[in-house]
Each structure stands twice: as structure tokens, then as C-alpha cells.
Amino acid sequence: MINVNLKYFYSTIEDGNMNTSPRFYKEGMTKEEIRKDFTERRIKLGEKERFNGLNIITPIQKSRPNLEGKTEEEKQNLLKKYNQKYPDGYYVRITEEMIEGYEDLYDLDIYSDILMIGAELPKIALSYPVADCPVVFIEDTKNKVVAMAYCGGEYIDRRLPSQMIDAIREETDAKTEDIKVFVGPYAHKENFTYDGIPKWVQDFSVWSMALVNKSGYVHIDMELAIKNQLLKQGIDISNIEFSCLDTITDPRLYSNNRARFDVEKEGRFYSGCFYEKSKALQKSKSRY
């Protein structure tokens, strides 16, 4: 595929909330009113980023079941249902047939941990609405296929970043030197703290050196936990890039952590990517 490059984008508080949860809209708004408002925001975002804002695809990821207070039998039944939905790290590659007939790709329900798309579908965006958790993008730069996954603490804990490498290798037979990783805006370790070990930390080997006790708080280093998984997969450190934007401190971005003290930070912003046609083969510079 020639004359295409991968473009990353993110929305801001100025662009407005990028999901349909009623908690982020005025009280009393109907589902129809919320959907209309959300649609208008996506269209405006697309105009700014130079693609059709209705062409944004978001996966429906599964979350671990809440086992707290459950009997052993109840736990096993919940875990069976969890595992039957699809295996951890399951991926879906978007095809032209999947999106045919959809005017708004928000209506496209795809159950997967990982979404992929190739350069044969330019201007079709993969994106996820987030606040503090990172979205990870892994591209086979030779075959022009990119994988995207929301990698919050729970998903890092169950090794989704590593599973993304497995998925892209399975889909394209990518060579390690052709794999490049970009991680969108997220809560940085300096400001991302808990009073104790988060409940979603279950595999402590994943968080080796990434949980730091300081002044009575546990600092969560998601960058290190992700990076360690990628390095174990053989990805060169020079092919891994993390956003410099900290959602907690950057006034342009929503943040769950900061929203406790600043209501203006309550919401979700899009972190996404799409292939675009270009006169140059060189990958466009990110605004991250």
C-alpha cells in the first residue's frame, strides 16, 4: 500500500465528552438527545482531524467479573461466563464487508479486546473513550496494519499489551523490527496514586517495580508495566513511544482522578488513529 500514513489523534475537553453515559450530560436528557449531541461532537471532531466523524469504531471489551463477596460456586459460574464470551486478547480486523451499510459506525457492535485495521480502509478510525487509562496502538509498519486496545490497569494486569503483539504477528506475520508502538495520553506515575494496592492488581509479576510506595500513597507506573511486556516480546525500546501528556495535570484532557476535585475534568476523550492518504510515505508527526 503506497502513499498512506498512520495518523494519531486525541480529542480534548473543548471538543466535549466522547461517550453516551448519562452521567456526563445534563440531567433529564433523553437517550435520543444524548445520542444527537454525541453525534454532533464526533462530526465536528472529524472535521478538525480531516475524516468523517461518523467513521469511528470502538470495540466492546469485556471486564473481569466482580467476585467480591461471592461463594466459590458463584465465582466459578461467573468465570465460566467471562471466559465463554471470548478469550483474553481476542482480536477482530475490520473489513469493508463489516462496515458496509452503516451510516454511523458507532452502531457497529464488535466484541473484542483488540481492534485492527489496514491501510486499505483509509479514513476509518479506531478509537476509545478514556480519561486516565492509556490506549495502545501497535503497527506493522511494513504491511500497514494497526492494532488498538484500551489498556487500563485491569487489562495491563492480564497482559493485554503482550497479547497485542501476539495478535499483530498472527494477523500479518510481522517482523519484530517492523513493529512500532505508540501509547496515547494517560495518567503518569508522578500523579497517579492510590491509598493502597488497587483491586485490579492480581498478577504482581506484571507490576514489578511499577508500584511505588511514597509518602503513604502507591504510585502506579502504567508506562513501566506496559513497556516491560513489550520488551519481553522482543520489541526494541526505540520503537516504543509514550505520550508526554498527563491526563491528570493537562487542562485539555478529562481525568477520573482529577475530577474528584475539578468537575470540569469529568468526562471522556477519544484517543484514536486512522490511515490517511498522503503524498509522502513518511509517517506523519503526532500532536501527542
Side-chain angles (χ1 to χ4, degrees), residues 1-2 4-8 57-62 83 85-99 110-122 124-128 133-184 186 203 205-208 210 222-243 271-276 281-284 286 288:
M1 178 67 68
I2 61 172
V4 291
N5 54 265
L6 184 63
K7 179 180 178 181
Y8 302 110
I57 305 174
T58 298
I60 301 173
Q61 285 180 264
K62 67 174 182 179
N83 291 324
K85 194 170 186 179
Y86 53 78
D88 289 353
Y90 179 73
Y91 77 87
V92 171
R93 180 168 176 172
I94 302 300
T95 65
E96 189 172 357
E97 290 73 23
M98 287 181 186
I99 63 178
I110 298 179
Y111 292 83
S112 69
D113 279 336
I114 304 165
L115 273 190
M116 286 188 198
I117 199 165
E120 72 277 3
L121 291 175
I124 304 297
L126 306 183
S127 190
Y128 209 96
C133 295
V135 178
V136 177
F137 306 91
I138 299 180
E139 185 189 19
D140 176 347
T141 58
K142 183 177 180 179
N143 292 297
K144 297 292 183 180
V145 175
V146 63
M148 178 203 75
Y150 163 74
C151 290
E154 172 194 323
Y155 298 96
I156 297 172
D157 189 82
R158 62 176 174 89
R159 301 176 186 268
L160 185 53
S162 181
Q163 291 168 343
M164 292 180 71
I165 299 294
D166 292 334
I168 200 77
R169 283 173 171 160
E170 180 179 337
E171 177 66 19
T172 70
D173 197 24
K175 295 181 179 180
T176 300
E177 60 267 26
D178 295 322
I179 295 176
K180 291 194 176 182
V181 181
F182 180 75
V183 181
Y186 61 98
D203 186 346
S205 64
V206 168
W207 300 96
S208 176
M222 293 188 290
E223 177 178 332
L224 180 60
I226 292 172
K227 187 184 298 180
N228 285 341
Q229 293 184 37
L230 298 174
L231 294 177
K232 286 180 180 179
Q233 283 278 19
I235 308 303
D236 192 276
I237 189 67
S238 64
N239 282 352
I240 304 172
E241 180 185 356
F242 287 83
S243 171
S271 181
C273 70
F274 64 91
Y275 281 102
E276 65 176 355
L281 292 175
Q282 185 178 359
K283 187 173 180 179
S284 63
S286 167
Y288 290 91

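Since we're looking at a predicted model, the values are computed, not measured.
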Rounded to the nearest 0.5 Å, how far apart are CD1 of I99 and CD1 of I117? 6.5 Å
Minimum side-chain heavy-atom gap N228-S208 below 4.5 Å: no
Residues G184 and S243: closest non-hydrogen pair is C-CB, 3.5 Å
How many angstroms lie between CD in E139 and OH in Y275, if you round to the nearest 0.5 Å? 3.5 Å
When rounded to the nearest 0.5 Å, the distance separating CE of M164 from CG of L230 is 8.5 Å
Minimal heavy-atom distance between F137 and M148, with the atoms involved, is CE2-CG, 3.6 Å
Quick one: list whatever passes side chain to side chain contact (heavy atoms under 4.5 Å, CB included) with K232, sequence neighbours left out. none
Applying ring pair (Phe, Tyr, Trp, His ring centres under 6.0 Å), can you list everything that pairs with Y111, at least two apart in sequence or on another chain? none
Heavy-atom pair with the smallest gap, counting every atom of A119 and P122: O-CD, 3.4 Å
Any donor-acceptor N or O pair under 3.5 Å, side chains E177, N239: no
Minimum heavy-atom separation for C273 and Y8, please, with both atom names. CB-CD2, 3.8 Å
Between T176 (side chain) and I235 (backbone), is there a donor-acceptor pair under 3.5 Å? no
My understanding is that only residues two or more places apart in sequence, or in another chain, count here; which of them pass side chain to side chain contact (heavy atoms under 4.5 Å, CB included) with A167? Y91, I114, M116
If the condition is side chain to side chain contact (heavy atoms under 4.5 Å, CB included), which residues does D140 pass it with, not counting sequence neighbours? K142, N143, I168, T172, A174, D178
Quick one: pull up CG in L6 and CZ in F182 and give me the separation to the nearest 0.5 Å. 10.0 Å
Looking at SG of C151 and CE of M222, how far apart are the two atoms once the value is rounded to the nearest 0.5 Å? 10.0 Å
I'd like a table of donor-acceptor pairs (distance under 3.5 Å, sequence neighbours excluded) in which one partner is a side-chain atom from residues 153-161, with atom names and distances.
from: E154; atom 1: OE2; to: R64; atom 2: N; distance (Å): 2.8
from: Y155; atom 1: OH; to: K62; atom 2: O; distance (Å): 2.7
from: Y155; atom 1: OH; to: S63; atom 2: OG; distance (Å): 3.3
from: D157; atom 1: OD1; to: Q202; atom 2: N; distance (Å): 3.0
from: D157; atom 1: OD1; to: D203; atom 2: N; distance (Å): 3.0
from: D157; atom 1: OD1; to: W207; atom 2: NE1; distance (Å): 2.9
from: D157; atom 1: OD2; to: R64; atom 2: NH1; distance (Å): 3.3
from: D157; atom 1: OD2; to: R64; atom 2: NH2; distance (Å): 2.8
from: D157; atom 1: OD2; to: Q202; atom 2: N; distance (Å): 3.4
from: D157; atom 1: OD2; to: D203; atom 2: N; distance (Å): 3.4
from: R158; atom 1: NE; to: Y82; atom 2: OH; distance (Å): 3.3
from: R158; atom 1: NH1; to: D88; atom 2: OD1; distance (Å): 3.4
from: R158; atom 1: NH1; to: D113; atom 2: OD2; distance (Å): 3.0
from: R158; atom 1: NH2; to: K62; atom 2: O; distance (Å): 3.3
from: R158; atom 1: NH2; to: D113; atom 2: OD1; distance (Å): 3.2
from: R158; atom 1: NH2; to: D113; atom 2: OD2; distance (Å): 3.4
from: R159; atom 1: NE; to: D203; atom 2: OD2; distance (Å): 3.4
from: R159; atom 1: NH2; to: D203; atom 2: OD2; distance (Å): 3.0
from: R159; atom 1: NH2; to: S205; atom 2: OG; distance (Å): 2.9

Mind telling me whether Y150 and Y128 have parallel, tilted or perpendicular rings, with 30° and 60° as the class edges? parallel
Sequence neighbours left out, what passes side chain to side chain contact (heavy atoms under 4.5 Å, CB included) with T95? Give chain and number order. E97, M98
Report yes if some heavy atom in the side chain of R169 is under 4.5 Å from a heavy atom in the side chain of I179; otherwise report no. yes
Could you tell me whether the side chain of I226 reaches within less than 4.5 Å of the side chain of I240, counting heavy atoms only? no
Donor-acceptor under 3.5 Å (S112 side chain, Y90 main chain): no
Supply the atom-to-atom distance I110 CD1 to R93 CZ, rounded to the nearest 0.5 angstrom. 13.0 Å
